[in-house]
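Okay, so here's the structure we're looking at.
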Amino acid sequence: MLKRPSSRRRSNKDTVELNLVPFIDAMVTLIGFLLFTTSLMAIVSIESPFPIASTQLTKAKLKEKPLQLTLTIRDGESQIWSPFDRIKSRKIPHSEEGQPDVPGIHAAMTEIKQQFPLETKVVVVPSAGTSYDVLISVMDSVRTVDATDPPIFMKNPATGNDELVKTLFPEVVFGNLLGDS
């Protein structure tokens with residue numbers, strides 16, 4: 001005797017086809033949008049060299065005491081000083097909101113740059129509670145010359161001509177990153 005054929009084979013159900021066109025369209029649009037927006041983002045980095053301790057170099061450099069300009073950011077004030085007393089220590093109180101007086105720090109750094117035009121380094125010593133935004137704004141203020149600043153000239157050793165200084169202290173070195181002060 002013959003068996004009856006399966007009812008599944010005889011069903012007239014339509015097969016469903018998945019329409020992938022809208023999905024592919026969405027993916028192409030998304031990839032184009034991501035490529036376009038990432039090309040507009042500016043990624044900026046500020047290099048900060050590690051302090052170097054070498055006894056031979058230190059002895060040679062300490063024949064003439066260096067400036068070693070230091071900016072200490074504390075809870076209520078910022079202090080600009082030199083460990084070798086090459087400049088008079090300046091204390092700049094924070095604003096009423098408790099934030100460092102960035103324009104005041106910039107003005108003091110501009111005066112110091114006028115005295116020491118060849119100096120390029122500043123040591124920034126932040127306290128433990130210093131926020132990232134405050135640290136970046138202070139670093140930007142000590143690195144750049146504003147259009148309203150008085151002109152600062154430096155003698156070019158190669159040509160002997162006076163040239164306009166375009167940066168204040170571009171080499172920022174961090175000290176005391178643990179923030180004990």
Side-chain angles (χ1 to χ4, degrees), residues 29-55 57-58 61-62 65-154 163-181:
T29 305
L30 181 64
I31 290 172
F33 176 74
L34 290 175
L35 288 174
F36 179 71
T37 56
T38 56
S39 66
L40 296 178
M41 287 192 312
I43 298 175
V44 179
S45 66
I46 300 172
E47 292 187 21
S48 178
F50 287 109
I52 299 172
S54 171
T55 55
L57 291 173
T58 305
K61 287 182 178 179
L62 286 181
K65 293 184 179 181
L67 175 60
Q68 195 170 346
L69 183 61
T70 306
L71 170 62
T72 304
I73 303 171
R74 295 191 178 98
D75 288 335
E77 66 185 8
S78 299
Q79 182 179 9
I80 301 171
W81 58 285
S82 171
F84 298 105
D85 295 326
R86 299 271 316 265
I87 60 168
K88 183 180 174 186
S89 177
R90 300 177 191 193
K91 292 185 178 182
I92 302 169
H94 290 325
S95 66
E96 295 171 0
E97 296 85 29
Q99 301 296 321
D101 181 15
V102 175
I105 293 171
H106 180 78
M109 289 295 193
T110 303
E111 291 176 19
I112 294 169
K113 186 66 172 186
Q114 288 175 337
Q115 295 174 3
F116 301 95
L118 296 177
E119 186 66 34
T120 60
K121 291 182 183 177
V122 62
V123 178
V124 176
V125 184
S127 66
T130 306
S131 70
Y132 176 77
D133 294 333
V134 167
L135 193 57
I136 294 300
S137 64
V138 168
M139 285 175 52
D140 286 343
S141 73
V142 301
R143 292 177 60 242
T144 58
V145 174
D146 291 340
T148 58
D149 290 340
I152 303 169
F153 292 97
M154 175 180 71
E163 294 181 354
L164 186 65
V165 173
K166 297 178 181 172
T167 58
L168 287 178
F169 301 99
E171 297 178 39
V172 177
V173 179
F174 285 96
N176 191 19
L177 287 179
L178 298 177
D180 293 336
S181 61

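Throughout, numbering of the chain's residues begins at 1 and tracks the sequence. All figures in this text were calculated on a predicted structure; none of them were measured in a lab.
- Counting all heavy atoms, side chain and backbone alike, Gln115 lies closest to Ile87 at OE1-CG2, 4.0 Å.
- Side-chain contact between Arg86 and Glu119: absent, with no pair of heavy atoms (C-beta onward) separated by less than 4.5 Å.
- Between the NZ atom of Lys113 and the OG1 atom of Thr120 there is a distance of 6.5 Å, given to the nearest 0.5 Å.
- One finds the CD1 atom of Ile112 at 12.0 Å from the NZ atom of Lys88 (value rounded to the nearest 0.5 Å).
- With sequence neighbours excluded, no residue satisfies salt bridge (Lys or Arg N to Asp or Glu O under 4.0 Å) with Glu163.
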* Quick one: do Ile80 and Val122 satisfy side chain to side chain contact (heavy atoms under 4.5 Å, CB included)? Show the steps, please. => CA-CA 10 Å; Ile80 301 171; Val122 62; over 6 Å; no
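- Atoms OG1 and CD1, from Thr167 and Ile152 in turn, are 9.5 Å apart once rounded to the nearest 0.5 Å.
- Using a 4.5 Å heavy-atom threshold, the side chains of Met109 and Leu71 count as touching.
- Here Gln68 contributes atom CD and Trp81 contributes atom CH2; the two are 7.5 Å apart, rounded to the nearest 0.5 Å.
- Under the 4.5 Å side-chain criterion, counting only non-hydrogen atoms from C-beta, Phe174 is in contact with Leu135.
- Pairing each heavy atom of Pro117 with each of Phe153, the nearest pair is CB-O, 3.8 Å.
- A distance of 10.5 Å separates CD1 of Ile73 from CD1 of Ile92, quoted to the nearest 0.5 Å.
- Listed for the Thr72 side chain is no donor-acceptor partner under 3.5 Å among the backbone atoms of Val125.
- Checked against Pro151 for a side-chain contact (heavy atoms from CB on, under 4.5 Å), the options Val145, Val165, Leu164 give a single hit: Leu164.
- Nearest heavy atoms, Ile105 versus Val138: CD1-CG2, 4.4 Å.
- In this structure, the side-chain contact (heavy atoms from CB on, under 4.5 Å) partners of Thr144, at least two apart in sequence or on a different chain, are Asp146.
- The two residues His94 and Gln99 come nearest to each other via the heavy atoms CB-O, 3.2 Å.
- Atom CZ of Arg143 sits about 9.0 Å away from atom CD1 of Ile136, to the nearest 0.5 Å.
- When the side-chain contact (heavy atoms from CB on, under 4.5 Å) test is applied to Ile31, the partners found at least two apart in sequence or on another chain are Leu35.
- Closest approach of Asp149 and His106 over heavy atoms only: OD2-NE2, 2.6 Å.
- For the residue pair Pro93 and Asp101, the shortest heavy atom distance occurs at O-CB, 3.7 Å.
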